[in-house]
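Worksheet: one structure, shown below.
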Amino acid sequence: MNRSIKLKDGKKVYFASDFHLGAPDHLSSLAREKKIIAWLDEIKKDAQLIFLMGDLFDFWFEYKSVVPKGFVRFLGKIAELSDAGIEIKIFTGNHDMWMTDYFQKELGAEVFFDTVQYQMGEKAFFLGHGDGLGPGDHGYKFLKKVFKNRVARFLFGRVMHPNLGQFLGNTWSLNSWKKNRANDTVKAFENGDKELLYSYCKQLQAEGKLFDYYIFGHRHCKLDLPLEHGARYINIGDWIVFDSYAVFDGKQLELKVFNKLTAI
């Protein structure tokens, strides 16, 4: 089902992903958080809608009555923007898939747990974080099913003390961070044929699911690749290396980089 958005005059839609707040240490995360806040302050003048497309946190698990420590500047800014009438839509990623209703109730944001489709003006969008999509990667796809299993989530959130749960989750996420940074795997890109999400977009087109823009995060690549029928596969990169984001003005979409050095 395609959702529809009508942009107001002079307003824009913004997309960003993969902040990984919390990693690899407090000081690095805090500097990144302040930079993200500066970006949000800059775009709020013309933003009608902001899509935050997953892995906002390096680890996030929502307990019934406990909120993970940290990130107060970011959470407060999201609440401020939402209260000002800017729509905030958040995708869960592979590092923060355990969201429930905190962001909806406290911050007024809408949370997506899967891909969604939007019509904005004359352009059609297919949006998602990107994890587990495309051919291959069967190990992760199986692991994701385990992580999302209701029984596993119940045991982690209700039986295990939050201190232990947070320790285990943060340790797992940090190990993943170190592995990916050391091997440079998340940014590695050779060509479109080896890009799983690009292959996934071509598969969608072959099935007749035609869109103007297929937009994802997850890969930590800043990519803008052409597809058939004039469509484009956009990976909006991350805020670890690229500080990149996408913006749609109602007619065209651009992939940009935030360069306000004073915010770091």
Side-chain angles (χ1 to χ4, degrees), residues 5 7-8 10-63 66-93 95-113 116 127 129 166 170 173 215 217-218 220 222 236-249 254-264:
I5 294 174
L7 277 180
K8 301 174 184 177
K11 293 296 184 178
K12 298 177 181 179
V13 179
Y14 288 87
F15 306 81
S17 184
D18 292 272
F19 299 159
H20 285 271
L21 293 174
D25 55 60
H26 175 70
L27 290 179
S28 299
S29 174
L30 181 59
R32 193 179 320 122
E33 183 179 10
K34 290 181 178 180
K35 181 169 53 179
I36 292 164
I37 297 303
W39 171 68
L40 291 169
D41 278 333
E42 182 174 283
I43 68 172
K44 67 183 181 183
K45 62 182 181 297
D46 60 9
Q48 178 174 322
L49 169 61
I50 301 173
F51 285 100
L52 300 177
M53 301 186 65
D55 283 358
L56 307 182
F57 310 97
D58 203 53
F59 176 70
W60 178 276
F61 187 93
E62 261 177 57
Y63 299 89
V66 176
V67 177
K69 291 175 66 174
F71 326 122
V72 292
R73 294 166 182 81
F74 174 69
L75 296 175
K77 182 58 63 175
I78 294 301
E80 174 194 322
L81 297 178
S82 178
D83 289 347
I86 297 173
E87 291 185 72
I88 308 292
K89 300 186 185 295
I90 296 173
F91 287 80
T92 58
H95 281 256
D96 50 16
M97 67 177 72
W98 303 277
M99 294 182 182
T100 53
D101 60 1
Y102 178 74
F103 290 87
Q104 296 96 316
K105 290 182 176 179
E106 294 298 322
L107 308 181
E110 184 174 10
V111 176
F112 298 123
F113 299 90
V116 295
L127 309 175
H129 178 64
Q166 288 295 115
N170 285 321
S173 293
I215 303 179
H218 181 56
H220 295 236
K222 185 164 66 73
I236 48 181
D238 65 15
W239 283 70
I240 301 163
V241 174
F242 297 107
D243 301 338
S244 51
Y245 64 98
V247 57
F248 178 66
D249 64 3
E254 292 184 80
L255 198 54
K256 295 187 173 184
V257 172
F258 182 64
N259 286 316
K260 186 169 285 187
L261 297 179
T262 56
I264 301 177

Would you mind reporting whether [Y] and [X] have side-chain heavy atoms less than 4.5 Å apart?
X: Val111; Y: Asp101; value: no
X: His129; Y: Thr92; value: no
X: Val257; Y: Lys222; value: yes

Go through it in stages, so that I can follow the logic: the residues are Phe74 and Leu52, the test is side chain to side chain contact (heavy atoms under 4.5 Å, CB included), and I'd like the CA-CA distance, side-chain angles, deciding distance and then a yes or no. CA-CA 12 Å; Phe74 174 69; Leu52 300 177; 4.0 Å; yes

Spacing of [atom1] belonging to [X] relative to [atom2] belonging to [Y], to within rounding of 0.5 Å:
X: Asp58; Y: Ile240; atom1: CG; atom2: CD1; result: 7.5 Å
X: Ser29; Y: Leu21; atom1: OG; atom2: CG; result: 4.5 Å
X: Asp18; Y: Asp238; atom1: CG; atom2: CG; result: 6.0 Å
X: Phe91; Y: Leu127; atom1: CZ; atom2: CG; result: 5.0 Å
X: Glu87; Y: Ile5; atom1: CD; atom2: CD1; result: 6.0 Å
X: Lys77; Y: Leu40; atom1: NZ; atom2: CG; result: 7.5 Å

Of all heavy-atom pairs between [X] and [Y], which one has the smallest distance, and what is that distance?
X: Ile90; Y: Leu56; result: CG2-CD1, 3.8 Å
X: Lys45; Y: Lys11; result: O-NZ, 3.6 Å
X: His220; Y: His218; result: CD2-O, 3.0 Å
X: Phe242; Y: Gly237; result: CD1-CA, 4.4 Å
X: Ser17; Y: Gly217; result: OG-CA, 3.6 Å

Begin with the C-alpha distance, continue with both residues' side-chain angles, and end with the deciding distance and a verdict on side chain to side chain contact (heavy atoms under 4.5 Å, CB included) for Tyr102 and Trp60. CA-CA 11 Å; Tyr102 178 74; Trp60 178 276; 4.1 Å; yes

Partner of Leu255 by side-chain contact (heavy atoms from CB on, under 4.5 Å), out of Ile236, Val247, Ile215: Ile236

For the side chain of Gln48 and the backbone of Lys8, is there at least one donor-acceptor N/O pair under 3.5 Å apart? yes

Where the side chain of Ser82 meets the backbone of Ala109, is there a donor-acceptor pair that is under 3.5 Å apart? no

Taking everything shown except Lys105 itself, do over 12 heavy atoms lie less than 6.0 Å from its NZ? no

Step by step, would you call Leu7 with Asp249 a side chain to side chain contact (heavy atoms under 4.5 Å, CB included)? CA-CA 8 Å; Leu7 277 180; Asp249 64 3; over 6 Å; no

Look at the aromatic rings of Phe19 and Trp239 and report parallel, tilted or perpendicular, splitting at 30° and 60°. perpendicular

Do the rings of Tyr245 and Trp39 sit parallel, tilted or perpendicular, given the 30° and 60° boundaries? tilted

Would you call Arg32-Asp243 a salt bridge at under 4.0 Å N-O? no

Starting from the C-alpha separation in whole Å, work towards a yes-or-no answer on side chain to side chain contact (heavy atoms under 4.5 Å, CB included) for Leu81 and Ile88. CA-CA 8 Å; Leu81 297 178; Ile88 308 292; 4.3 Å; yes

